[in-house]
Amino acid sequence: MTSLLGDAAGRLLTAATSLALLAVIFAPLERVFRGRRRFARRPALGLDLAFFFWQHVLWTGAVATGLAAAAARLDPTLAPLRAPLSAVPLWGQAVIAWVLGDLLLYGGHRLQHRVDWLWRFHRLHHTAEEVDWLAAFREHPLDGLYTRALVNLPAILMGFSLSTIAGLIAFRGLWAVFIHANVKLPVGPLKYLMGAPSLHRWHHDRERGGRVNFANLMPFWDVVFGTYYEPAEQPEAFGAEGPTPRRYWAALLEPLGLRLDRESKPQRAPEGAEPESEMG
């Protein structure tokens, strides 16, 4: 029991440290390079903090353990099939795994918006009324398992080490935080190879309902498949239609059909938003 309590306390400390570091990095960026005027009071701050801490304390480790177990089970079966890749330099294998993983994630993301049972879990991510670096963590754990399995599948099939896969998961996580940040940072001629927060905000636009900009890392896929969207203006409102849970466990239970009506509230109407002043 003492060991379990110590482990939990250590994870909480690690989560708190990670939160502080991310805040030190992204809070100033969002003020200096602000992409969109914010609410005077950020909606559902407590809920998104709960998502952050539970993801770090429990779900990230569980997903990594599951992927490691799957990789270990597949390894003996796939070993003979990896022989042709041995002639490819390691950096080349990494590029192949990266590009294929990003393509799978693009396709899987589009399915999340088209297949009802996938959307039930993914919708939770789209209920955020403010899209910023903290909103990146509003994610159902089963939705997170789905996306991490897709993006890391090529690396697993190609036999990358577990430490390398863990590194990919960490980098992808940081990138997800960046593309949700409320910043406007032009990337110039690399804009089709590097996702930008301004693009992802349109994916969260309430009016379009997630019909554009599905790519995570490489907007190139959106260009190829006709879902790229980059207007000059900013979205007017974020969120998903219908009531949204206001407590953490209610949010996790709702996609499973265990909705607690008293735990839900309607999304804030766009015209009811109170943006910060330009001096804020």
Within the distance-only criterion (no hydrogens, no angle test), does the side chain of R120 pair as donor or acceptor with the backbone N or O of P255 below 3.5 angstrom?
yes
Measure the shortest side-chain to side-chain distance between D205 and V212 over non-hydrogen atoms and say whether it is less than 4.5 angstrom.
no
Heavy-atom pair of closest approach, residues M158 and A97:
SD-CB, 3.8 Å
Closest non-hydrogen atom pair, P243 against E254
O-OE2, 4.3 Å
Out of curiosity, does W221 fall in the hydrophobic cluster containing L217 (side-chain heavy atoms, cut-off under 4.5 Å, transitive links)?
yes
Note: P245 and A250 closest approach over all heavy atoms is CB-C, 4.0 Å
Parallel under 30°, tilted from 30 to 60°, perpendicular over 60°: which one fits the rings of H122 and W119?
perpendicular
Interatomic distance, K184 atom NZ to R201 atom CZ [nearest 0.5 angstrom]:
8.0 Å
To the nearest 0.5 Å, atom NE2 of H109 lies from atom CG of L104 at 14.5 Å
Could you go through H140 and H125, starting from their C-alpha distance and side-chain angles, then the distance that decides it, and tell me whether this counts as ring pair (Phe, Tyr, Trp, His ring centres under 6.0 Å)?
CA-CA 7 Å; H140 197 284; H125 182 60; over 10 Å; no
Taking the basic N atoms (NZ, or NE/NH1/NH2) and the acidic carboxylate oxygens, is any pair closer than 4.0 Å for D102 and R172?
yes
About how many Å separate OG1 of T244 and CG of L47, when rounded to the nearest 0.5 Å?
7.0 Å
Aromatic ring proximity F225/Y106, centre distance under 6.0 Å
yes
Spatial distance of atom CG (L199) from atom CG (D222) [nearest 0.5 Å]:
8.0 Å
Find out whether P141 and L252 are in side-chain contact, i.e. whether some heavy atom of one side chain is under 4.5 Å from a heavy atom of the other.
yes
Is the closest side-chain heavy-atom distance between E236 and E207 below 4.5 Å?
no
Same cluster for F178 and L193 if Ile/Leu/Val/Met/Phe/Trp/Tyr side chains link at under 4.5 Å?
yes
Would you mind reporting whether T147 and E139 have side-chain heavy atoms less than 4.5 Å apart?
yes
Are the side chain of R206 and the backbone N or O of P235 linked by a donor-acceptor pair below 3.5 Å?
no
Sequence neighbours left out, what passes side chain to side chain donor-acceptor pair (under 3.5 Å) with Q93? Give chain and number order.
none
Taken in chain and number order and not counting sequence neighbours, the residues that satisfy side chain to side chain donor-acceptor pair (under 3.5 Å) with Y146 are none
Do F33 and L22 belong to the same hydrophobic cluster, where Ile, Leu, Val, Met, Phe, Trp and Tyr are linked whenever their side-chain heavy atoms lie under 4.5 Å apart, directly or via other members?
yes
Heavy-atom pair with the smallest gap, counting every atom of F53 and A15
CD2-CB, 3.6 Å
Would L105 and L111 show up in the same hydrophobic cluster when neighbours are defined by side-chain heavy atoms closer than 4.5 Å?
no
Taking the side chain as every heavy atom from C-beta outward, state whether D143 and Q112 have any pair of such atoms under 4.5 Å apart.
yes
Assign the ring pair F171 / W98 to parallel, tilted or perpendicular, where the plane angle (0 to 90°) is split at 30° and 60°.
tilted
Look up atom CG in L168 and atom CH2 in W175, then write down how far apart they are to the nearest 0.5 Å.
14.5 Å
As a quick check of understanding, evaluate ring pair (Phe, Tyr, Trp, His ring centres under 6.0 Å) for F137 and H180, giving each step before the final call.
CA-CA 10 Å; F137 297 94; H180 285 87; 8.9 Å; no
Between E30 and W133, which heavy-atom pair has the shortest distance, and what is it?
OE2-N, 3.2 Å
Nearest-0.5 Å distance that lies between atom CZ in F238 and atom NE2 in H204
8.0 Å
Distance alone, cut at 3.5 Å: any donor-acceptor contact between the side chains of N182 and E130?
no
With the 4.5 Å side-chain cut-off for hydrophobic clustering, are V32 and L29 part of the same group?
yes
Which residue pairs satisfy the side-chain hydrogen bond (donor to acceptor under 3.5 Å, both in side chains) criterion with at least one member in residues 186-198, sequence neighbours excluded?
K191-E230
